[in-house]
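Reviewing the structure listed below.
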Amino acid sequence: MNDMTSIAETESISTPHVPAAHPAPQGTALPAAGDTATLFARAEALLPRIGEGAAEREKQRALPYEQARRIAEAGLLTFRIPRAYGGPGGSVRDAIRFVIALAGVDSNLAQALRPNFGLVEALLSAKDETQCRRWFPRLLAGQIFGNGGVERGSAHGTVSARIVREGDHYRVHGDKYYSTGALFADWITSIALDEDGRETTFVLPRDREGMELVDDFDTIGQRLTASGTTRFTNALVRADEIRPGYFSRDRRNPVTPVFQLFLGAVEAGIARNALNDAVAFARTKARPIKHSGAERSVDEPYVRETVGRIAAQAYTAEAVVLRAAEAIDAAWADQLSDAALTRASVEVAQAQYIAIEAALRASEWAFDVGGASATDRTHNIDRHWRNARTVANHNPRQWKTAVAGAWFLKDEAPPTSGLF
């Protein structure tokens, strides 16, 4: 199930040395970003080690700090950074293909690193040279970005945190939840309302006084995404830490489809991981049922049929997610025309729905390769369903199919709300 075959050019590109404003904690010398072939080769070597102990980490709720840092320091958050800035200049498909592979060994870690991929897309979309030259080098230096995310207690997307000017700088106050990857991060991106009620985005170093990162994320799955509370208590925001808003919810943009497809990629990875666990269990632990006539579980026809169905679900999820990624790449090739972005949004919505369904089915059917012992907690096979179910609830999949249906029935474009 390894899909790390090189599909990129082989020209080597060195990363320029740019001092980091907030050094990565380990302070190690990092390899040059290289091209996408180089990154996929690194991923192929690293991901099996990331996968070791992933099931046990979930059982023990041991956050993967070390694993997140290894991913960042290998340059695997930089697929889309252009060559002009020292990056590999990869496509959306390249980035999403890596996310599927990472989620195939640890879906928590894949989702926890989502803000980094979104930041790159936002910078590419805005074409703000100053911001690109400020933040791309930090990603290339192995630093990690987290998000002080959505607030609770009101309609989805409502912002109540406040940021007010104080002399030459600002102060921010308020609580955030769903702070994806924040505990692993060197930088935290968040949003608050200024005195005029305008949404203001800012980025703070994780050690900023007045900002508290709380490990209180409590869900049935994806427990290790470090997605708990970010609390701002009169925290200082320097003027140069204000980040321009890169897109409006009033018009279509290329960033939102990537954020949404990322969730589909995580689901595709979960389906793959469920397949790998089902195969391993059938080969090494399962016993054929008494009346089957088979001496080994792998010779049991219904086990074979079940594994084949799981494999088909994993294959389907990966295929549709990669096809939707190609639609986003096509929109970039079409100069981000509204028509191309709309098509990409519809394709992403369809891909998300299929990937969710595939992951839920694959993770349920994984139990069918064994008997009662497959449900033993020691095997932790149930983590796949819990993780798939939790990711699925981020954005209701009913809306995805309803939007696709409206497009085909009435040529009605998806909303620009940030979920399509």
Might you point out which heavy atoms bring [X] and [Y] nearest each other, and give the distance in Å?
| X | Y | result |
| --- | --- | --- |
| Ala359 | Ala271 | CA-CB, 4.0 Å |
| Thr180 | Pro115 | O-CG, 3.5 Å |
| Phe145 | Leu139 | CD1-CD2, 3.7 Å |
| Gly148 | Ser179 | CA-OG, 3.8 Å |
| Pro137 | Cys132 | CD-O, 3.6 Å |
| Ala55 | Asn380 | O-ND2, 3.0 Å |

For the side chain of [X] and the backbone of [Y], is there at least one donor-acceptor N/O pair under 3.5 Å apart?
| X | Y | result |
| --- | --- | --- |
| Asn276 | Val279 | no |
| Arg343 | Ala330 | no |
| Asp368 | Thr306 | no |
| Thr78 | Ile81 | no |
| Ser125 | Glu121 | no |

Gap separating the [atom1] atom of [X] from the [atom2] atom of [Y], nearest 0.5 angstrom:
| X | Y | atom1 | atom2 | result |
| --- | --- | --- | --- | --- |
| Phe202 | Ile188 | CZ | CD1 | 10.5 Å |
| Arg152 | Thr158 | CZ | OG1 | 14.5 Å |
| Asp128 | Arg243 | CG | CZ | 10.0 Å |
| Arg386 | Ile220 | CZ | CD1 | 7.5 Å |
| Ser160 | Asp175 | OG | CG | 8.5 Å |
| Ile191 | Thr201 | CD1 | OG1 | 4.0 Å |

Throw together a table of side-chain donor-acceptor distances under 3.5 angstrom for residues 399-406, partners on residues two or more places apart or in other chains.
{"residue": "Lys400", "atom": "NZ", "partner": "Gln260", "partner atom": "OE1", "Å": "2.9"}
{"residue": "Lys400", "atom": "NZ", "partner": "Gln352", "partner atom": "OE1", "Å": "3.0"}
{"residue": "Lys400", "atom": "NZ", "partner": "Leu419", "partner atom": "O", "Å": "2.5"}
{"residue": "Thr401", "atom": "OG1", "partner": "Gln398", "partner atom": "O", "Å": "3.0"}

- Can you spot which of Val92, Val120, Leu39 makes a side-chain contact (heavy atoms from CB on, under 4.5 Å) with Phe79? Leu39

- Message: Using the salt bridge (charged side-chain N to carboxylate O under 4.0 Å, His left out) definition, which of the options Arg70, Arg49, Arg57, Arg272 pairs with Asp106?
- Response: Arg57

- Lys176 vs Thr229, side-chain contact (heavy atoms from CB on, under 4.5 Å): CA-CA, chis, key distance, verdict: CA-CA 5 Å; Lys176 301 287 184 173; Thr229 298; over 6 Å; no

- Message: Consider side-chain hydrogen bond (donor to acceptor under 3.5 Å, both in side chains). Of Arg383, Glu58, Arg223, which one does Asn108 pass it with?
- Response: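 For Asn108, the side-chain hydrogen bond (donor to acceptor under 3.5 Å, both in side chains) check succeeds only for Glu58.
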
- Item | Criterion ring pair (Phe, Tyr, Trp, His ring centres under 6.0 Å) on Phe367 and Trp385, from CA distance to verdict | CA-CA 10 Å; Phe367 290 100; Trp385 185 88; 9.6 Å; no

- Task: Determine, step by step, whether Asn116 and Leu113 satisfy the side-chain contact (heavy atoms from CB on, under 4.5 Å) criterion, reporting the C-alpha distance in whole Å, the side-chain angles of both residues, the deciding distance to 0.1 Å, and the verdict.
- Result: CA-CA 6 Å; Asn116 298 271; Leu113 296 173; 4.0 Å; yes

- Please walk me through it: do Leu119 and Phe117 pass side-chain contact (heavy atoms from CB on, under 4.5 Å)? CA-CA 5 Å; Leu119 172 63; Phe117 293 85; over 6 Å; no

In the structure I gave you, are the side-chain heavy atoms of [X] and [Y] within less than 4.5 Å of one another anywhere?
| X | Y | result |
| --- | --- | --- |
| Thr200 | Leu193 | no |
| Phe217 | Thr225 | yes |
| Ser227 | Thr219 | no |

- Asp329 with Arg93: basic N within carboxylate O range, under 4.0 Å: no

- Message: Please determine whether a side-chain nitrogen of the Lys or Arg among Glu318 and Arg97 lies less than 4.0 Å from a carboxylate oxygen of the Asp or Glu.
- Response: no

- Query: With no hydrogens and no angle check, do the side chains of Asn387 and Thr390 hold a donor and an acceptor under 3.5 Å apart?
  - Reply: no

- Message: Can you confirm whether the side chains of Glu267 and Tyr353 place a donor and an acceptor under 3.5 Å from each other?
- Response: no

- Using the ring pair (Phe, Tyr, Trp, His ring centres under 6.0 Å) rule, take Phe184 and Tyr65 through it: C-alpha gap first, then chi angles, then the decisive distance, then the call. CA-CA 6 Å; Phe184 307 135; Tyr65 289 99; 5.3 Å; yes

- Could you walk me through whether Trp407 and Glu412 pass the side-chain hydrogen bond (donor to acceptor under 3.5 Å, both in side chains) check? CA-CA 5 Å; Trp407 170 252; Glu412 183 178 306; over 6 Å; no

- Task: Check step by step if side-chain hydrogen bond (donor to acceptor under 3.5 Å, both in side chains) holds for Asp376 and Ser373.
- Result: CA-CA 5 Å; Asp376 287 356; Ser373 64; 5.3 Å; no

